[in-house]
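What follows is a short report on a single structure.
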Amino acid sequence: MNTRIRRLYTLMFVLTLAFVAISLYGVSLAFTWAKDLPSRVVIDGDALASAFGHAMTESYHHALRDGEPAVQLQVLNEQFTAMIAENDDALAWVRGEYRADILALVDSGDGSVSDAATKLIAILDAEENPS
């Protein structure tokens, strides 16, 4: 009986040792894979810029169509007017992308939003048709 128990203990020790060795090998493979991961991950800057650009465009559309008057006023005055003043390409972009939304705000119930939209449309139209 003693020899049978000793053999059983020996067998259990060998199996435990084998399990620990295999587990450590698996952990070392996982760490090696994780360590090499940054060199395999490729970040496409153009794709990120495109995705964020689309999200920004849609957020402006949403703010102009369904936003609160304070948000609409902020977009018109602090975003679009300032953007047009600083960048020549912004004028064509705002005119092409948001002109319909801005025209809808000209008839807004909020007077300050309506005034800001009217001023911005005047800027867009003046730059479009210089006389």
Side-chain angles (χ1 to χ4, degrees):
M1 184 81 156
N2 266 344
T3 29
R4 192 184 285 182
I5 291 175
R6 282 187 191 163
R7 286 182 187 162
L8 187 60
Y9 282 153
T10 305
L11 180 64
M12 291 305 293
F13 178 74
V14 169
L15 287 176
T16 303
L17 191 62
F19 176 75
V20 168
I22 292 171
S23 297
L24 289 175
Y25 178 71
V27 167
S28 70
L29 285 179
F31 276 119
T32 304
W33 175 82
K35 183 178 156 187
D36 189 43
L37 190 59
S39 64
R40 292 186 305 209
V41 173
V42 177
I43 297 174
D44 186 2
D46 292 337
L48 284 174
S50 176
F52 281 115
H54 180 72
M56 182 193 68
T57 302
E58 288 305 312
S59 69
Y60 280 147
H61 278 298
H62 178 70
L64 293 174
R65 291 178 188 152
D66 305 321
E68 297 178 8
V71 174
Q72 292 171 339
L73 192 62
Q74 180 183 12
V75 169
L76 292 173
N77 288 335
E78 297 176 18
Q79 301 292 322
F80 289 164
T81 305
M83 189 186 320
I84 289 170
E86 294 174 6
N87 188 346
D88 295 334
D89 294 334
L91 179 77
W93 179 66
V94 170
R95 184 187 304 128
E97 189 70 40
Y98 300 107
R99 190 170 197 285
D101 293 337
I102 297 169
L103 278 173
L105 289 177
V106 170
D107 299 328
S108 173
D110 188 289
S112 58
V113 172
S114 179
D115 289 343
T118 303
K119 288 176 186 175
L120 189 56
I121 288 295
I123 292 170
L124 295 177
D125 289 345
E127 295 291 333
E128 184 178 24
N129 302 318
S131 330

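Note that the numbering runs from 1 along the sequence shown for the chain. Computed over heavy atoms, backbone and side chain alike; hydrogens, waters and symmetry mates excluded.
Using cut-offs of 30° and 60° on the angle between ring planes, the pair Phe80 and Tyr60 is perpendicular.
Judged as a ring-ring contact (aromatic ring centres under 6.0 Å, His included), not a single pair has a partner in residues 3-30 (not counting sequence neighbours). The salt bridge (Lys or Arg N to Asp or Glu O under 4.0 Å) analysis of residues 59-87, with sequence neighbours excluded, yields the pairs Arg65-Asp101.
In terms of heavy atoms, Met83 sits closest to Val94 at SD-CG2, 4.5 Å. The minimum heavy-atom distance between Gly67 and Gln72, with the atom names listed, is O-NE2, 3.2 Å. Heavy-atom minimum distance, Asn77 versus Thr81: O-CB, 3.4 Å. Counting all heavy atoms, side chain and backbone alike, Val106 lies closest to Ala117 at N-CB, 3.8 Å.
In this structure, CD1 in Ile123 is found 11.0 Å from OG1 in Thr118, a value given to the nearest 0.5 Å. From Asp115, atom CG reaches atom CG of Leu120 across 12.5 Å, with rounding to the nearest 0.5 Å.
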Could you go through the side-chain contact (heavy atoms from CB on, under 4.5 Å) check for Leu64 and Leu76 one step at a time? CA-CA 9 Å; Leu64 293 174; Leu76 292 173; 4.1 Å; yes
Full working for side-chain contact (heavy atoms from CB on, under 4.5 Å) between Ile102 and Leu124: CA-CA 10 Å; Ile102 297 169; Leu124 295 177; 4.3 Å; yes
Before you tell me yes or no, could you show the steps for Arg99 and Asp125 under side-chain contact (heavy atoms from CB on, under 4.5 Å), namely the whole-Å CA-CA distance, both residues' side-chain angles and the distance that decides it to 0.1 Å? CA-CA 10 Å; Arg99 190 170 197 285; Asp125 289 345; 2.5 Å; yes
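In this structure, the side chain of Ser108 does not engage the main chain of Ser114 through any donor-acceptor pair within 3.5 Å. The backbone N or O of Met56 lies less than 3.5 Å from a partner atom in the side chain of Ser59, making a donor-acceptor pair.
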